[in-house]
Amino acid sequence: MAQVGHPDIGDGNILIFGDKKKNRAAFEESVLEYLDVLYNTALRMTGQVMEAEDLVQDTYLRAMRFRRRFEPGTNLKAWLFKMMVNLLINRYRRDQKGKEIVKGHQQQAMIDRLYPYEKMAATTRPQEYFFEQMFSDDVVAAIEKLPAEFKLVVLLVDINEFSYSQVADILTIPVGTVMSRLHRGRKL
């Protein structure tokens with residue numbers, strides 16, 4: 001994926017900090033570059049447009065709030081994904097305590113009624129919509145059917161092109177577990 005360069009940003013993934021005003025502007029610009037990728041993954045994981053939007057927004061807000069904790073010279077994309085995954089896990093745990101989760105065909109039927117995906121995706125995210133159309137329906141359906149632990153690893157490695165070690169860091173699991181889940185997810 002081609003990255004837009006910035007004077008304070010190395011290869012599009014790594015920030016190099018200068019003065020404070022430049023630093024904040026560079027950080028904001030860099031974070032914005034990853035919002036589409038974060039949203040795509042959030043949508044695949046949650047299966048709900050509004051929940052995915054909320055998750056990405058919360059990730060962005062948290063990134064801005066804790067930008068001083070970001071270590072210069074490290075991978076911003078991985079840092080953002082780790083933040084989003086943690087938010088997703090926390091929401092899932094909270095929701096398990098108080099809500100019934102609609103799954104399977106009922107969930108997809110509800111999403112389709114509320115948000116006609118084809119029209120919305122084609123107009124609000126044309127580039128992402130184009131690439132989604134390149135995947136066969138069988139591949140998309142297979143990814144959607146994966147259990148969450150396998151789906152997340154497959155999305156992070158195969159779709160978002162993170163390395164095994166980056167995924168291990170994002171999910172705070174050993175690299176061997178990443179490899180195992182990826183193998184099982186691909187097999188399923």
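Keep in mind that what you see is a predicted model, and the values were worked out from it rather than measured. Numbering of residues begins at 1 and proceeds along the displayed sequence.
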Compare all side-chain heavy atoms of [X] with those of [Y] and state whether any distance is below 4.5 angstrom.
{"X": "Tyr60", "Y": "Gln57", "value": "no"}
{"X": "Leu152", "Y": "Arg181", "value": "no"}
{"X": "Thr172", "Y": "Lys82", "value": "yes"}
{"X": "Leu188", "Y": "Phe150", "value": "yes"}
{"X": "Phe27", "Y": "Leu76", "value": "yes"}
{"X": "Val178", "Y": "Ser165", "value": "no"}
{"X": "Glu144", "Y": "Arg44", "value": "yes"}
{"X": "Val49", "Y": "Tyr39", "value": "yes"}

If I take atom [atom1] from residue [X] and atom [atom2] from residue [Y], how far apart are they, to the nearest 0.5 angstrom?
{"X": "Leu146", "Y": "Lys151", "atom1": "CG", "atom2": "NZ", "answer": "7.0 Å"}
{"X": "Thr46", "Y": "Leu43", "atom1": "OG1", "atom2": "CG", "answer": "5.5 Å"}
{"X": "Asn40", "Y": "Asn160", "atom1": "CG", "atom2": "CG", "answer": "7.0 Å"}
{"X": "Leu80", "Y": "Thr41", "atom1": "CG", "atom2": "OG1", "answer": "11.5 Å"}
{"X": "Leu156", "Y": "Leu171", "atom1": "CG", "atom2": "CG", "answer": "6.0 Å"}
{"X": "Phe66", "Y": "Trp79", "atom1": "CZ", "atom2": "CH2", "answer": "8.5 Å"}

Query raised in the report: Ion pair present between Glu33 and Lys77, side-chain N to carboxylate O less than 4.0 angstrom?
Result: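 Judged by the 4.0 Å cut-off on N to carboxylate O distance, Glu33 and Lys77 do not form a salt bridge.
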[X] and [Y]: which non-hydrogen atoms are nearest, and at how many Å?
{"X": "Ala52", "Y": "Ala42", "value": "CB-C, 3.7 Å"}
{"X": "Ala148", "Y": "Met45", "value": "O-CE, 3.9 Å"}
{"X": "Leu55", "Y": "Thr59", "value": "O-OG1, 2.8 Å"}
{"X": "Ala168", "Y": "Pro174", "value": "CB-C, 4.1 Å"}
{"X": "Met83", "Y": "Ala63", "value": "SD-N, 3.4 Å"}

Requested in this report: Identify which one of Arg184, Arg186, Met179 satisfies the side chain to side chain contact (heavy atoms under 4.5 Å, CB included) criterion when paired with Leu182.
Outcome: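 Exactly one pass, corresponding to Arg186.
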Report task. Would you check, one step at a time, whether the test side-chain contact (heavy atoms from CB on, under 4.5 Å) holds for Phe81 with Val37? Result -> CA-CA 9 Å; Phe81 267 85; Val37 174; 3.5 Å; yes
Within the side chain of [X], is there an N or O that forms a donor-acceptor pair under 3.5 Å with the backbone of [Y]?
{"X": "Ser180", "Y": "Gly176", "result": "no"}
{"X": "Thr177", "Y": "Ile173", "result": "no"}
{"X": "Arg65", "Y": "Arg62", "result": "no"}
{"X": "Gln166", "Y": "Ser163", "result": "yes"}

